[in-house]
Q: 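Below: one structure in structure tokens.
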Amino acid sequence: MSPAALSLLWTILALIPTPHLRESLKALLFLFLTGHGKARPQHSKTKSPSALSRFLNRYPWPTRALIRLVREEAQKALDRARRRKGPKPRLLVVLDLVTLEKRGRFPALPLSFFHGKWGLHLVVLYLVCGDLRVPWAYRLKMFPWRGSRWRGKGEKALSLLSLSLLASLPAWMRRTFRIRVAADAAFGTAWFLFGVRRLGLETVVGMRRDRRLRGGGRLLDLRRQGSRVYLWGLSFPVWVAWYRYPLPQGGWEWRYVVATFPATPRTMLTWGRRRFTVEHFFRAAKSEFSLGQFGQRTALRVHRFLVLSLLAYLLAYWVRMEREDEGLTWREAAGWAARLLLPELVVQGVLRELHALGQGPPGRGARSACLCRICGRCEF
């Protein structure tokens, strides 16, 4: 059993006001854990699609309170993971942009093109502490359109949005950990570097190879790893390193990273490499927990769908950590989480499959004779 996952689920269920809404929440979580990345309300076998649609779109249940409870449980996990003696542990904060591609018209959603992809763009803040990984927060990337006129640059909006995420980190996190920020080249703007420095945080961020230097020249003209340089538009120095990056179509290219603190090339490349943990999270969230499978057309419904998808990921992640010695895949971890946390829904699903095969459960007694209180008609 996973104490963290069980405690979190029971606390959340106690937060939901009515039994009907609690059943809808459990049905949605079960769908996310067993949907194999294609979970939508119409795929549910334990609750009607209309009931789940109303749960996401109409019924007043406290979404923000649910997020606070998840963060409190994540805080407990981070507290258990940190050292009790010695210097404060290092907490890596990873910022990345993920596009949830969509087709069709969604007038109420801020869909847009970015880097050739049409969909909903999320800036995700992801925490890494030792072996612990926690998706902490996300924001929607809004593009400054007015009618058909372009009114700003997407890169600037991305930097400001990521800075607002960093500014929202709680005070206890800053007191407990030494925070270091990692991001890819999409965040390598003067706005972002200056803002992170003003927040008092260190950062390792990717950078374009043709980025200009204050004294003339570009990053690609440098010949010594770990050089201390001034980028164009910045009043403070940064330290530069580069590495060979293998391309998917074959071959390789030079990739550059900069640090806002004195660091050796090995340190910069080590922390920059840890940024790729968020890519594994995106792959698992999309392929197994239906992060990009929303079909909803209102902002509230999409927000609730994404929150519940991330909640299902965390429940499966904590179960996976408890059974780390077994080397579970994400699909196996999600299945174990469903069996441990929602056993009654697992039984309901099995009974429905048996009924579809013409193999009913033993006994045909009245509903009042049901002893298992799940199928409503058995006598065992």
Q: Among residues two or more places apart or on two chains, list those pairs meeting side chain to side chain donor-acceptor pair (under 3.5 Å) that have a residue in residues 235-254.
A: Glu253-Arg255
Q: Is it the case that the side chain of Ser227 and the backbone of Arg223 share a donor-acceptor pair, with hydrogens and angles ignored and the cut-off at 3.5 Å?
A: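 Checked: no pair found.
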Q: Please answer whether the main-chain N or O of Gly188 pairs with a side-chain N or O of Arg211 as donor and acceptor at a distance below 3.5 Å.
A: yes
Q: Quick one: side chain to side chain donor-acceptor pair (under 3.5 Å) pairs with a partner in residues 167-184, sequence neighbours left out?
A: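 Non-adjacent pairs meeting side chain to side chain donor-acceptor pair (under 3.5 Å): Arg180-Glu202.
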Q: Please name the pair of heavy atoms, one in Leu125 and one in Leu165, separated by the smallest distance, quoted to 0.1 Å.
A: CD1-O, 3.7 Å
Q: Can you give me the closest heavy-atom contact between Pro237 and Arg228, atom names plus distance?
A: CG-NH2, 3.4 Å
Q: Could you check whether Arg212 makes a cation-pi contact with Trp232, meaning its NZ or CZ is under 6.0 Å from the centre of the six-membered ring and within 45° of the ring axis?
A: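 Cation-pi check for Arg212 and Trp232: passes.
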Q: Donor-acceptor check, side chain of Arg22 to backbone of Ile16, threshold 3.5 angstrom: yes or no?
A: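 Answer holds: yes.
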Q: Spell out, as yes or no, whether a donor-acceptor pair under 3.5 Å connects the side chain of Arg320 to the backbone of Leu328.
A: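 Pair found, side chain donor or acceptor close to backbone of Leu328.
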Q: Between Phe276 and Phe282, is the ring centroid distance below 6.0 Å?
A: no
Q: Go through the structure and list residues passing side chain to side chain contact (heavy atoms under 4.5 Å, CB included) with Pro135, not counting sequence neighbours.
A: Tyr126, Phe281, Tyr313, Leu314
Q: Is it possible for you to check whether Arg197 lies under 6.0 Å from the centre of the six-membered ring of Phe236, through NZ or CZ, and within 45° of that ring's axis?
A: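 Yes - Arg197 lies over the ring of Phe236, closer than 6.0 Å to its centre and within 45° of its axis.
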Q: Check the hydrophobic clustering (I, L, V, M, F, W, Y; side-chain heavy atoms under 4.5 Å; chains of links allowed) and say if Tyr230 and Leu193 are grouped together.
A: no
Q: Keeping the roles fixed (side chain from Ser162, backbone from Ser159), state whether a donor-acceptor pair exists under 3.5 Å.
A: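 Looks like yes, one N/O pair under 3.5 Å.
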Q: Kindly give the heavy-atom pair with the smallest separation between Ala182 and Leu92, and that separation in Å.
A: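 Ala182 and Leu92 have their closest heavy atoms at CB-CD1, 3.7 Å.
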Q: Only pairs under 3.5 Å count here: list side-chain donor-acceptor contacts from residues 68-77, not counting sequence neighbours, and write none if there are none.
A:
from, atom 1, to, atom 2, distance (Å)
Arg71, NE, Trp136, O, 3.4
Arg71, NH2, Trp136, O, 3.3

Q: Given the rule that I, L, V, M, F, W and Y join up when any side-chain heavy atoms are under 4.5 Å apart, are Trp10 and Leu28 in one cluster?
A: yes
Q: Using the test side chain to side chain contact (heavy atoms under 4.5 Å, CB included), find all partners of His43 that sit at least two apart in sequence or belong to another chain.
A: Leu31, Arg40
Q: Does Glu288 use its side chain to pair, donor to acceptor, with the backbone of Ala285 at less than 3.5 Å?
A: no
Q: Should the pair Lys26-Glu344 be classified as a salt bridge under the 4.0 Å nitrogen-to-oxygen rule?
A: yes
Q: Hey, is CG on Asp131 packed in by over 12 heavy atoms from elsewhere, all under 6.0 Å?
A: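 For Asp131, atom CG is not crowded (no more than 12 foreign heavy atoms under 6.0 Å).
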Q: Which residue pairs pass the side chain to side chain donor-acceptor pair (under 3.5 Å) test when at least one of the two sits in residues 46-58, sequence neighbours left out?
A: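 As it turns out, the side chain to side chain donor-acceptor pair (under 3.5 Å) pairs with a partner in residues 46-58, which skip direct neighbours, are Ser48-Ser50, Ser53-Arg301, Arg54-Tyr59, Asn57-Thr298.
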